[in-house]
J.: 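Quick one: structure below, then a few questions.
Both counts, for ligands and for their atoms, begin at 1 and track the order of listing.
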Amino acid sequence: MVLRRAPFQSIIAPIVYLSANLISRIGVVLVTSAVVFWIFLFPMTVRAEGAHPYLGILEFLILPIFFFAGLALIPLGIWLRVRRERKQGGAPTVFAPLTLQSPALKRLALFIGVTTVINLVLGSLFTYQAVTYMDSVTFCGQACHTVMQPEFTAYQESPHSRVACVACHIGPGASWFVKSKLSGAWQVVAVTFDIYPRPIPTPIRDLRPARETCETCHWPQKFGEDRLRIINNFADDETNSLTKTVLLMRIGGGRTGPGIHGAHLGPGVTIYYTPADESRQTIPKVEYHNTVTGRSTVYLASGAKAEEVNNLPTRLMDCMDCHNRPTHTFSLPEREINKAMAADDISPSLPFVKKKGTELLKASYGSHEEAAAAITAGLEGFYKEHHPDVYAGRRDDIARAAASLVSIYKRNVFPAMRVTWGTYPNNIGHMDFPGCFRCHDDDHVAADGKKIGQDCNSCHQILAMEEESPKILTDLGLQ
Ligand code: HEC
Ligand code: HEC
Ligand code: HEC
Ligand code: HEC
Ligand code: HEC
């Protein structure tokens, strides 16, 4: 019998026969159409590198799904047909004679060989591109435009605007890669069905420990140098009087002593803390351990009861507990206006511009467009009514100030995501949010009476405090 003499044919001939079924054919159609579309789209995505997130989603995520679904349908159709024929009394055991020399077989072998190679190449390209694309800033920041708009906007203005989202949110290594793809799959579902939270809650519960991500670029032992900070503050009066605060930040961690970084992350130091709630803004218990000195100290906030606090989950302090806004830095209206006025985007010689600007920024608007119109009209109206001479003579300055206010609003407030002033607390500092004073409040006390310190000069040397013309800046040639 033909079958027994040539086992090779006994495999191929049934495949030819069995693959002639609807499901396998749909599979073939899917695979070929996905490939044709993909080849057609490819030059566009290459040319417009990162320009259009939706094109990317189609090309790198949806087409590959069709491609692999098609690849899966072909054997599925064959298998279903075998099952059906077995049930109906067995598939034919003898097929039209097919020998190794027959041209039909050679053609089929060639066809299968060539398509397999092409499929392997395309399949791996698909996978590689999908993964690369999903790690791109375009995908993370723009594909779900409204959802990520607050973070993406702030990111573009930050010192990390050239650092990929995944460098902080995923970092190196396979296990976090897999975790991120799993939670990413859920996020895609949440966005598709519009069931995501607004605003996106912070802190992120399962963010990777910062030392594994931040320290791929920053090394705490290297910081060292103290850093000068000059903070300009314009007052609410008619002349917007300017005062300056000058701080020398004890960055630390290197040659100049432990400073801020060394105190929490230096060799041998680990600090665990127990937040009272998800937002980590109230901290009843802090544990300090130092394997170099062998000292361990447990601090309790004065109102906290040990037996209650001990049941709460603790957290190992890392970069994120202070730098929770390294790149999505949302600010407050007064601070933003101070910066814009210092940079002369808003002219400090416009009467009451600090006061009026802050008031306009703090009002509530339904959308960015509404805010832009209302802020511009509000500022112009104010000068027209109260300072007609200024309005007549300085139209350009007023327009420039209004444009700057609008851009401040658009950078910090996102009505669609219910993100407004102060929605996301910043833990660096202690003036706007509890920040450092969540622990350094002179109220966290150890059994031996030792406190987590609040000495003003341990974190920063205060070189000038709200002075009109600080001598230190003159000495340094900075004014
Ligand atoms: C320099 C590191 C860094 C980069 C780069 C970065 N992020 Fe973040 N991101 C953070 C940190 C830190 C948090 C706050 C984590 C916390 O408080 O638990 C955060 C929080 C978020 C949140 C939660 C909401 C919020 O504001 O707290 C979203 C959403 C987010 N990032 C999206 C992005 C996107 C999209 C990009 C790229 C466009 C990006 N991130 C780039 C560090 C980074
Ligand atoms: C892929 C590299 C990379 C990663 C990862 C990274 N950073 Fe940065 N970081 C940079 C670069 C580049 C700068 C800008 C340096 C400059 O402008 O001088 C910067 C600047 C900073 C600054 C100084 C900002 C300023 O105002 O001068 C801080 C603070 C900072 N990063 C914190 C973090 C934290 C916290 C993380 C982890 C969540 C992190 N970085 C992760 C590369 C990185
Ligand atoms: C205890 C809080 C705290 C922790 C923890 C912390 N930092 Fe900082 N970091 C600060 C403060 C405060 C500054 C100074 C900010 C300023 O100048 O206003 C700073 C400054 C920086 C700067 C800018 C340094 C410079 O020379 O300008 C970088 C970069 C930085 N931190 C990275 C990190 C990284 C990475 C980690 C984790 C390994 C980390 N920090 C952990 C509080 C912290
Ligand atoms: C989670 C609690 C916590 C937070 C938040 C925190 N610290 Fe600390 N800090 C500590 C502990 C604990 C010590 C060590 C106390 C000890 O020596 O037993 C410490 C020590 C220090 C020291 C060494 C001098 C001293 O007073 O002992 C500096 C400087 C410092 N922190 C700066 C900061 C700055 C700046 C911030 C905010 C950006 C900050 N810390 C936020 C817990 C915290
Ligand atoms: C635990 C560390 C720590 C202690 C203690 C501390 N500060 Fe600060 N302080 C900071 C940090 C961090 C910033 C933020 C610098 C920046 O803007 O990045 C800051 C900012 C400031 C500013 C500038 C405010 C602004 O408008 O931006 C002033 C003023 C100030 N501190 C005064 C004080 C005084 C007064 C004390 C003593 C009661 C004190 N600080 C104690 C860490 C500390």
J.: Can you list the atoms of ligand 4 that are under 4.0 Å from a heavy atom of R438?
T.: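 In order of numbering, the contacting atoms are 5 (C).
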J.: Looking at residues at least two apart in the chain, or sitting in another chain, which of them share a salt bridge (Lys or Arg N to Asp or Glu O under 4.0 Å) with R438?
T.: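 By the salt bridge (Lys or Arg N to Asp or Glu O under 4.0 Å) rule, R438 matches no residue at all.
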J.: Verify whether one side chain among E466 and N233 offers a donor that lies under 3.5 Å from an acceptor in the other.
T.: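 No donor-acceptor contact under 3.5 Å links the two side chains.
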J.: If the cut-off is 4.0 Å to any non-hydrogen atom of Y299, which atoms of ligand 4 fall inside it?
T.: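 Taking each heavy atom of Y299 in turn, ligand 4 has 15 (C), 16 (C), 18 (O) under 4.0 Å.
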J.: Among all protein non-hydrogen atoms, which one is nearest to atom 18 (O) of ligand 3, and what is the separation to 0.1 Å?
T.: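 For this ligand atom, the closest protein heavy atom is R229 NH1, 2.6 Å.
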J.: For ligand 4, which atoms, with element, lie under 4.0 Å from some heavy atom of I271?
T.: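 In order of number, 10 (C), 11 (C), 12 (C).
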J.: Count up the protein N, O or S atoms sitting under 2.8 Å from atom 8 (Fe) of ligand 5, would you?
T.: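 N, O or S atoms of the protein closer than 2.8 Å: 2.
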J.: Check ligand 4 against A263 and write out every atom of the ligand that is under 4.0 Å from a heavy-atom position of the residue.
T.: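 It comes down to these atoms of ligand 4: 20 (C), 21 (C), 22 (C), 23 (C), 28 (C).
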J.: Just to be sure I understand the site: which N, O or S atoms from the protein are less than 2.8 Å away from atom 8 (Fe) of ligand 3?
T.: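 The answer is H261 NE2, H323 NE2.
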J.: Can you tell me if D321 has a non-hydrogen atom under 4.0 Å from ligand 4?
T.: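 No.
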J.: Can you check which of E225, R227, R211 brings a heavy atom nearest to atom 23 (C) of ligand 3?
T.: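 Among E225, R227, R211, the closest heavy atom to atom 23 (C) of ligand 3 belongs to R227.
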J.: Ignoring hydrogens, just give me the one of G262, S458, S296 whose non-hydrogen atom is nearest atom 29 (C) of ligand 4.
T.: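 Result: the heavy atom closest to atom 29 (C) of ligand 4 is in S458.
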J.: With distance as the sole test, does N457 use its side chain to make a donor-acceptor pair with the main-chain N or O of I462 at under 3.5 Å?
T.: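 Confirmed, N457 side chain pairs with I462 backbone.
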J.: Are any non-hydrogen protein atoms located under 4.0 Å from atom 27 (O) of ligand 4?
T.: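 Protein heavy atoms within 4.0 Å of atom 27 (O) of ligand 4 - there are none.
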J.: Under 4.0 angstrom from ligand 5, any heavy atom of R335?
T.: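 Per 4.0 Å heavy-atom rule, R335 contacts ligand 5.
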J.: Would R295 count as a contact residue for ligand 4, given that I'm defining contact as a non-hydrogen atom of the residue lying under 4.0 Å from a ligand atom?
T.: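 R295 counts as a contact of ligand 4 under the 4.0 Å cut-off.
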J.: With a cut-off of 2.8 Å, does C439 place any N/O/S atom under that distance from atom 8 (Fe) of ligand 4?
T.: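 Checking atom 8 (Fe) of ligand 4 against C439, no N, O or S atom falls under 2.8 Å.
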J.: Using a 3.5 Å cut-off on N or O atoms only, is H264 in polar contact with ligand 4?
T.: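 N/O-N/O distance below 3.5 Å exists for this pair.
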J.: Answer yes or no: is there a side-chain heavy-atom contact under 4.5 Å between L379 and K356?
T.: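 Yes, their side chains come closer than 4.5 Å.
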J.: Mind listing the side-chain donor-acceptor pairs of residues 395-408 below 3.5 Å, one per line with the distance, residues two or more places apart or on another chain?
T.:
unit_1, atom_1, unit_2, atom_2, d
R395, NH2, Y391, OH, 3.4
D397, OD1, R400, NH2, 3.4
D397, OD2, R394, NE, 3.0
D397, OD2, R394, NH2, 2.8
R400, NH1, D344, O, 2.8
S407, OG, R411, NH1, 3.4

J.: Looking only at distances, can you tell me whether any N or O atom of Y273, backbone or side chain, sits closer than 3.5 Å to an N or O atom of ligand 4?
T.: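 Looking only at distances, the answer is no, because the N/O contact criterion of under 3.5 Å is not met.
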